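Values in this document were obtained by computation on a predicted structure and should not be read as measured data. What's counted below: heavy atoms across the whole structure, side chains too, no hydrogens, waters or symmetry copies.
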Amino acid sequence: MKKRSLLKISAIIVAFTLAVGAFGAPAMTTKADETMAGDSNAVSDINNDTYDLVGHRGYSGYAPMNSMSSIKLAVARNFKNIEFDIRYTYDYEWVVSHDDSLLKTCGVDLNISDLKLSQVMKYKYTKGNNISQYPNEKIPQLVEVLNYIQQVKASGKKTNFVIEIKDIDDDDAEMKPILFDAIADGITDRDITDMVTITSFHYSYLNEMRSRLGSAVHYWYLAKALDAEHLGYAKKCKPEVITFNGTPESDEKFNTTEMIENALSQGYKLSAYTLDSIPMMGAYFQQGVEMFVTNKIASHMLTLDMLKEKYKASKLTVKLSKTSYTFDKTRKKPTATVTFNGQKLLEGLNYEISYTNNRDPEKGIVNVNGLNNFVGEKDVTFKINMPKVKSFKYKKSYATKLKMTWKKRAGVTGYIVEKYNYKLKKYEQFKKIKGNTKTTFTATKLESGIKHRFRVKTYYTVNNKTYKSKACAAKNEYTNPAKPFRMTAMRLGKGKTARLAWSQVKSKTGYNVVVATDKGFKKIVRNKNKKSNVYRVRKLNKKKKYYAKVRAYLKVGKKYYYGAFCKTVKIKKK
C-alpha cells in the first residue's frame, strides 16, 4: 500500500503531462493512416439528421478492438461517431481498453490496474479481428488517441469521438479528481472539445466531467435498460443521449416498445448497442431510436430505405433447439434461433414466439410472429413422440404361460401387449393394460413347447383420442414342454431291472428321467435324458424301493426349457 501511495503523489505531480509533455508524442502508424482523410471506395455521407452510426471500440469488426488501427479505420470508413474505452494503470495513466484484463487483447492473464504503464506497453495485441494484419499493435495510451483526434480535426473531418470512462476503484477515490482533470485537460489543451463526447455507465462520472468541461463537449449516459431506475439516473446527469443495451441476454431486461416510448417522451435521443444486424437496427429505428452502435456496419453499407423496410415473417429462417421430444405430459418449448438473410434477429424486437399443440403426442408448432419491421407469421413444427417401452424382457417361461416385464414410462395411460401371428404374418393386440405403473404381464393359454413373439407399446388417451407409441423391439421366447400326464413302472425278471413308460409329449426334444431311493429325490441314482418315452433302469437292488419321475425338455441352441415333472411313481420291491 505504501508503494501505491507514493505513486498517487507522483501521479498528482505528473498528471498534467497529458496536456503538456505528451502533446508532441508521435501517433502510432497503422494501415488506416493511408486513408485517414477518406476512403475512395466509400459512398457519400448519409443523412445523419435522421440516424447515426457509432463505431464500437473503433471499427472492431475489422481490426482489434480499441486499437489505434481500429480507431483510424473507423475514421477512414466515415463513421460520424467513434467510441473507445479508457481505464487507468497502476501508476494512474489512462490507456485505451475495455477490459481490465489483457487476456482478450494480448493473451496474458494480467490486469491493467496491477501494471504500470511501462509494463502494459510491453505487450502486443495477439487477439482481435484481422489480427494478422496488425502484428505490432499495442494498447494505446489516451494521449495517443487525443493527439490523433487533433490530427483528424486539422484535416477538416467532422467526427465525434465518444470516450467511455470505465470503473474507477473505490480504493482510488482520492485520485478521482486528478484522473478526471487529466482527461479534461488533455481535451481542452488540444482544442478538441467540439470533437468529443463523454459517456459512462456511471452518471456521477458524467457530472464530474461536466463540472470541468461544461457544455463544450457532449454527454451520453449508458444504461443496460430503459427502466425507471436508469431513467432516474439519467435525470441526475442530464445527458443528450441515452445509449441502451439493444441486444440483451436472456437473463437481462429487454427494452420494450413502451419503455422506448417513455424515454423518448422525456426528450432523450436514444442509441442502441451493439447491433451488427440491419433488420435489428430497422426495428429500433421504426420505434424512434436514432443511433446505432455497431462493430461492422459502416455508413456505405446502410441506407434510410433499409431502416424503413418491412419484411415478411414468412421469409425468416427458424432453427429449433430441439425438433423431437418424448411425451411426458409437460409442455415442450424449444428455443428458436431466427435469422433473416443470414443475420440473427432478436426475440421481442423482430419477432415473438408462441406455441401450439406443445403437450400431447403430435406435431407441436412454434409460432413466430413478426414485430416492428417484420409482419405476418411463420410456423415451424416439431415432434412429440409417444415414449417407447424400454428394457422389455421375459422373466419366466411356463408350459402355457410367459411372464414378461419392462420399465415404467411416465405420463402414459397404459400399455398394449402385441403377439405375432405366424399364420397371418402380422402382430395382433393380445392385451391392453390400463395404468402406467403395471409393468409386468403374464400371457396365458399359450401352446406349449413352441416359439412365441411378443412386443409392447405405450398408449395415451385424451379427449376421446388415443395415441400409441412405436413398439419396442420384439423378442422371441419358448414356452416349456407340457407335463407327461401318466407314468408307469414295472420290475422285470429278478427285479434288478425296471421298465418305465410315460405318455408322449408334443413339441419336445426329449425327456429327463430321474430315479431316487427317496420320495424327496435327495438320493438320486439315475438322471438320464432319453429321446423315447420308454426307459429300462438296470442294476437295481431288488430289495429296495425306488421312486421315478419324468419331464419333457426342449433344447434351443444352448438353452434348455424344462417342463414340469409328472406325478412321482413308486418302483416296488420284487
Side-chain angles (χ1 to χ4, degrees), residues 225 227 245-259 277 279-280 283 311-340 343-392 406-417 432-439 455-473:
D227 56 9
N245 188 356
T247 56
E249 299 295 333
S250 57
D251 59 340
E252 295 177 317
K253 186 174 290 186
F254 186 83
N255 295 283
T256 64
T257 300
E258 291 73 21
M259 293 167 70
S277 163
M280 286 173 62
Y311 306 97
K312 292 181 179 179
S314 59
K315 301 295 184 182
L316 295 173
T317 299
V318 182
K319 184 177 181 180
L320 301 183
S321 59
K322 220 174 166 184
T323 57
S324 182
Y325 290 87
T326 298
F327 168 75
D328 60 4
K329 276 191 173 180
T330 63
R331 295 198 176 275
K332 310 305 178 187
K333 294 184 177 181
T335 56
T337 300
V338 181
T339 57
F340 180 74
Q343 294 185 321
K344 187 177 178 181
L345 303 182
L346 185 63
E347 184 178 358
L349 175 67
N350 303 112
Y351 65 91
E352 62 182 359
I353 294 289
S354 59
Y355 300 89
T356 307
N357 301 332
N358 65 328
R359 192 194 79 152
D360 293 337
E362 52 188 338
K363 280 189 177 180
I365 302 173
V366 177
N367 315 109
V368 183
N369 302 292
L371 292 177
N372 297 310
N373 56 340
F374 282 84
V375 294
E377 61 182 42
K378 181 171 185 173
D379 292 342
V380 182
T381 62
F382 59 94
K383 293 180 180 178
I384 303 178
N385 302 307
M386 280 293 293
K388 290 176 66 174
V389 162
K390 292 183 177 181
S391 303
F392 171 68
W406 55 86
K407 283 188 177 180
K408 173 185 172 182
R409 296 313 307 254
V412 302
T413 303
Y415 307 94
I416 297 172
V417 180
K432 191 173 186 178
I433 302 169
K434 190 172 183 180
N436 72 328
T437 58
K438 185 174 174 58
T439 57
R455 66 185 191 183
V456 184
K457 296 178 177 179
T458 62
Y459 78 92
Y460 172 68
T461 301
V462 61
N463 298 326
N464 297 318
K465 186 175 182 180
T466 297
Y467 302 93
K468 298 178 183 179
S469 74
K470 291 183 178 179
C472 68

Engineer: Examine the side chains of S469 and N385 and answer whether a donor and an acceptor come within less than 3.5 Å of each other.
Structural biologist: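 Not at all, the side chains of S469 and N385 share no donor-acceptor pair under 3.5 Å.
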Engineer: I need the R455 CZ to F392 CZ distance, nearest 0.5 Å.
Structural biologist: 10.5 Å
Engineer: So, do V462 and Y467 sit near enough that their side-chain heavy atoms are less than 4.5 Å apart?
Structural biologist: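 Yes; the side chains approach each other to less than 4.5 Å.
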Engineer: With heavy-atom distances below 4.5 Å as the criterion, would you say the side chains of T323 and P334 are in contact?
Structural biologist: no
Engineer: F340 versus N350: any side-chain heavy-atom pair under 4.5 Å?
Structural biologist: no
Engineer: Check whether any side-chain heavy atom of F382 lies under 4.5 Å from a side-chain heavy atom of K322, and answer yes or no.
Structural biologist: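 Not touching, per the 4.5 Å side-chain cut-off.
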Engineer: Y311 and F374: aromatic ring centres closer than 6.0 Å?
Structural biologist: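 When the ring centroids of Y311 and F374 are compared, they turn out to be within the sub-6.0 Å range.
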Engineer: Please report the closest heavy-atom contact between T326 and R409, naming both atoms and the distance.
Structural biologist: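 Where T326 meets R409 most closely, the heavy atoms are CG2-NH2, 4.0 Å.
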Engineer: Might you confirm whether atom NZ of K319 has over 12 heavy atoms from other residues, nucleotides or ligands at distances under 6.0 Å?
Structural biologist: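 No - once you tally the heavy atoms of other residues, nucleotides and ligands closer than 6.0 Å, there are 12 at most.
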Engineer: Which distance, rounded to the nearest 0.5 Å, do you find between the OG1 of T466 and the NZ of K432?
Structural biologist: 5.0 Å
Engineer: In Å, rounded to the nearest 0.5 Å, how long is the span from CG of L345 to OG of S277?
Structural biologist: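 Rounded to the nearest 0.5 Å, the CG-OG separation comes to 5.5 Å.
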Engineer: With a 3.5 Å cut-off and no angle check, do the side chains of T335 and K333 form a donor-acceptor pair?
Structural biologist: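 No, no side-chain donor-acceptor pair sits under 3.5 Å.
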Engineer: Compare all side-chain heavy atoms of N372 with those of T257 and state whether any distance is below 4.5 angstrom.
Structural biologist: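 Of all side-chain heavy-atom pairs linking T257 with N372, at least one is under 4.5 Å.
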Engineer: On a heavy-atom basis, which atom in A313 and which in K378 lie closest, and how many Å separate them?
Structural biologist: O-CB, 3.6 Å
Engineer: Are T356 and N367 side-chain neighbours, meaning at least one heavy-atom pair lies under 4.5 Å?
Structural biologist: yes
Engineer: Of all heavy-atom pairs between F327 and G411, which one has the smallest distance, and what is that distance?
Structural biologist: CE2-O, 3.4 Å
Engineer: Would you please test V318 and T337 for side-chain contact (heavy atoms from CB on, under 4.5 Å) and show each step?
Structural biologist: CA-CA 6 Å; V318 182; T337 300; over 6 Å; no
Engineer: Taking the side chain as every heavy atom from C-beta outward, state whether T439 and K407 have any pair of such atoms under 4.5 Å apart.
Structural biologist: no
Engineer: Which is it for K408 and T437 under the side-chain contact (heavy atoms from CB on, under 4.5 Å) test, yes or no, and what are the steps along the way?
Structural biologist: CA-CA 6 Å; K408 173 185 172 182; T437 58; 4.2 Å; yes
Engineer: How many angstroms lie between atom CD1 of I416 and atom OG1 of T458, to the nearest 0.5 angstrom?
Structural biologist: 8.0 Å
Engineer: Is the shortest heavy-atom distance from the side chain of E347 to the side chain of V338 under 4.5 Å?
Structural biologist: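 SC-SC contact between E347 and V338 ruled out.
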Engineer: Which value, rounded to the nearest 0.5 Å, describes the distance between K332 atom NZ and N357 atom CG?
Structural biologist: 14.5 Å
Engineer: Checking side-chain polar atoms at under 3.5 Å, does N436 have a donor or acceptor matched by the opposite partner on T413?
Structural biologist: no
Engineer: Between V412 and P387, what is the shortest heavy-atom contact and its length?
Structural biologist: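 Between these two residues, the closest heavy atoms are CG1-CG, 3.5 Å.
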Engineer: Hey, would you say the Y415 and Y459 ring centroids sit under 6.0 Å apart?
Structural biologist: no
Engineer: Kindly indicate, with the supporting measurements, whether the criterion side-chain contact (heavy atoms from CB on, under 4.5 Å) is fulfilled by N358 and E362.
Structural biologist: CA-CA 8 Å; N358 65 328; E362 52 188 338; over 6 Å; no
Engineer: Within the side chain of N463, is there an N or O that forms a donor-acceptor pair under 3.5 Å with the backbone of K465?
Structural biologist: no
Engineer: Any chance you could lay out the side-chain contact (heavy atoms from CB on, under 4.5 Å) test for M280 and L349, step after step, and finish with the verdict?
Structural biologist: CA-CA 7 Å; M280 286 173 62; L349 175 67; 4.0 Å; yes
Engineer: Please report the interatomic distance CD1(I384) to CE(M386), rounded to the nearest 0.5 Å.
Structural biologist: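 CE of M386 is found 11.5 Å from CD1 of I384.
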